[in-house]
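Note sheet for the following structure.
Owing to the predicted nature of the structure, the values given are computational and were not obtained by experimental measurement.
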Amino acid sequence: MERSEGQGLSVFDLPKVELHVHLDGAIKPETILHFGRKRGISLPADSAEGLSQHISYNKPLTLTQFLEKFAIYMPAVAGDHDAVRRIAYELVEMKAKEGVIYVEVRYSPHLLANCSVCPVPWDQKEGDLTPDEVVNLVNQGLRDGERDFNIKARSILCCMRHMPSWSMEVVELCKKYQNDTVVAIDIAGDELVAGTFPEHRKAYEEAERCGIHRTVHAGEIGSPSVIREAIDVLKAERIGHGYHVLEDPGLYRELLDRKIHFEACPLSSILTGACDPDYRKHPVIQFMSDKANYSLNSDDPLIFNSTIHTDYKIAKQSLGFTEEEFKRVNINAAESSFLPEEEKEELLSKLYEAYGMVPNNPS
């Protein structure tokens with residue numbers, strides 16, 4: 001899949017909302033090279049194009065193989081104060097250039113830290129960047145990006161399925177930085193890690209108690225039971241991906257009735273092996289047919305060598321999207337965003353105006 005060259009080639013040039021993009025999956029190759037050189041960390045190539053050939057791919061792999069890509073480049077940026085702030089700033093710049101006016105970016109504070117985290121990730125030596133300071137630096141980068149690029153950016157802090165011992169600290173960081181860019185908690189990582197650990201459950205109970213919004217990666221490669229657990233046990237308000245919900249018609253109907261939001265990522269769903277590579281069988285077609293509450297998102301554009309335009313092109317060319325459906329899914333995204341109500345209404349007003357639509361009448 002070719003990287004989209006810019007806004008002008010988009011199939012939908014109007015303002016967009018993106019709810020599911022990973023900070024550590026949206027780093028510029030040039031930035032990785034810069035910090036690799038600065039810190040003396042070996043990388044498999046010394047040019048942006050060469051590095052992309054090692055990191056990015058365009059044929060389906062398994063989710064586990066996809067996750068292994070992060071180990072190639074994360075040692076170059078994790079644990080570095082300047083790098084963490086810069087990648088947040090550059091993500092906001094990237095999204096503004098794509099015509100996104102509101103983005104929720106997610107990340108694991110622990111995977112960018114090298115201090116007060118056990119184990120220290122990416123085989124780093126212990127340093128002085130704690131998960132708390134990671135969040136502070138990301139917040140600074142996002143705020144600076146908002147100021148410079150006329151876009152609103154908020155963040156979601158991720159628990160990791162395989163590291164339940166981190167989860168209570170994640171929710172405490174959500175509480176500390178609530179509405180200082182941080183708007184929600186998530187669980188990411190390999191869904192095939194069995195069961196929901198008590199630590200994840202406790203973290204989500206605390207999040208609900210404190211009014212912190214909740215989303216969960218579920219039903220990407222996992223069974224519908226993972227989605228059921230996310231909804232019933234973790235009280236998730238949105239589902240990251242959720243494609244395999246269609247294997248349980250009863251659950252699917254329940255989530256349709258409850259208007260639970262699915263954060264769909266078309267290109268990602270094929271390249272991680274989550275969905276059949278034949279787009280004619282893609283779950284988003286069913287979501288569209290049923291007027292489900294879902295959005296379109298890029299997930300990890302560095303690894304998929306993509307932009308949000310890539311997913312929109314797929315939606316139009318392979319999934320049968322009309323301009324009306326593009327508008328509808330962006331209204332869905334705004335309505336299902338984790339912004340406070342007043343800010344959400346402002347965002348919706350901007351979309352309605354740009355789309356030439358009457359408020360509260362998205363059809």
Side-chain angles (χ1 to χ4, degrees), residues 21-57 61-91 93-94 105-142 155-163 165-166 169-170 173 186 188-190 193 217 268 271-272 298-306:
V21 58
H22 290 262
L23 176 61
D24 52 357
I27 306 172
K28 293 166 66 174
E30 296 85 354
T31 300
I32 296 167
L33 286 169
H34 170 82
F35 286 102
R37 292 186 189 115
K38 171 191 163 188
R39 303 172 72 196
I41 292 171
S42 177
L43 291 164
D46 58 6
S47 69
E49 184 178 350
L51 188 61
S52 293
Q53 289 175 356
H54 287 274
I55 297 170
S56 305
Y57 68 98
L61 298 176
T62 66
L63 184 63
T64 302
Q65 290 171 314
F66 154 73
L67 292 172
E68 288 169 354
K69 294 286 186 179
F70 290 85
I72 296 172
Y73 64 89
M74 281 295 286
V77 295
D80 186 283
H81 293 68
D82 292 340
V84 170
R85 184 169 178 170
R86 176 166 158 179
I87 64 174
Y89 180 82
E90 290 180 343
L91 182 137
E93 179 183 25
M94 184 189 313
V105 56
R106 63 190 68 195
Y107 65 98
S108 162
H110 296 75
L111 289 180
L112 285 164
N114 64 2
C115 177
S116 300
V117 54
C118 182
V120 177
W122 316 115
D123 295 321
Q124 300 176 85
K125 292 179 181 175
E126 186 158 358
D128 63 356
L129 183 54
T130 66
D132 188 317
E133 182 61 12
V134 166
V135 179
N136 185 39
L137 289 164
V138 170
N139 290 350
Q140 291 176 36
L142 296 181
S155 60
I156 297 172
L157 304 187
C158 295
C159 306
M160 300 305 297
R161 283 195 183 274
H162 68 294
M163 288 304 301
S165 60
W166 295 349
E169 185 176 8
V170 173
L173 291 170
D186 180 27
D190 193 339
V193 173
H217 281 69
S268 166
L271 293 183
T272 62
S298 62
D299 203 10
D300 294 279
L302 165 66
I303 297 177
F304 305 134
N305 194 29
S306 66

Beyond-backbone contact of [X] with [Y], side-chain heavy atoms, under 4.5 angstrom:
X	Y	result
L67	L63	yes
L137	L129	yes
H162	D190	no
P29	I55	no
D186	C159	no
Q53	P44	no
L61	L271	no
H22	D300	yes

(request) Return yes if a side-chain donor-acceptor contact under 3.5 Å exists between T62 and Q65, otherwise no. (result) yes
Going from [atom1] on [X] to [atom2] on [Y], what distance comes out if it is rounded to the nearest 0.5 angstrom?
X	Y	atom1	atom2	value
S42	R37	OG	CZ	12.0 Å
I156	R106	CD1	CZ	4.0 Å
D299	S306	CG	OG	8.5 Å
E90	I27	CD	CD1	9.5 Å
L173	E133	CG	CD	11.0 Å
L91	R86	CG	CZ	13.5 Å

I need the minimum non-hydrogen distance between [X] and [Y], along with the two atoms involved.
X	Y	value
P131	V117	CG-CB, 4.5 Å
L23	L112	CD2-CD1, 4.2 Å
I41	P75	CD1-O, 2.9 Å
H217	R161	O-NH2, 2.7 Å
H54	A45	CD2-CB, 4.2 Å
L302	I32	CD2-CD1, 3.9 Å

(message) Between K125 and V120, is the side-chain contact (heavy atoms from CB on, under 4.5 Å) condition met? List the steps.
(response) CA-CA 7 Å; K125 292 179 181 175; V120 177; over 6 Å; no
(message) The test is side-chain contact (heavy atoms from CB on, under 4.5 Å); show your working for F70 and L111 and say whether it passes.
(response) CA-CA 10 Å; F70 290 85; L111 289 180; over 6 Å; no
Between [X] (side chain) and [Y] (backbone), is there a donor-acceptor pair under 3.5 Å?
X	Y	result
Y73	D24	yes
Q124	A113	yes
D80	D82	yes

(request) Apply side-chain contact (heavy atoms from CB on, under 4.5 Å) to V135 and Y107, showing your working. (result) CA-CA 9 Å; V135 179; Y107 65 98; 3.6 Å; yes
(request) In sequence, state the C-alpha distance, the side-chain angles, and the governing distance for K28 and H34, and then conclude on side-chain contact (heavy atoms from CB on, under 4.5 Å). (result) CA-CA 10 Å; K28 293 166 66 174; H34 170 82; over 6 Å; no
(message) Check the orientation of Y57 and F304. Use parallel for under 30°, tilted for 30 to 60°, and perpendicular for over 60°.
(response) perpendicular
(request) Could you list the residues that satisfy ring pair (Phe, Tyr, Trp, His ring centres under 6.0 Å) with H110, not counting sequence neighbours? (result) W166
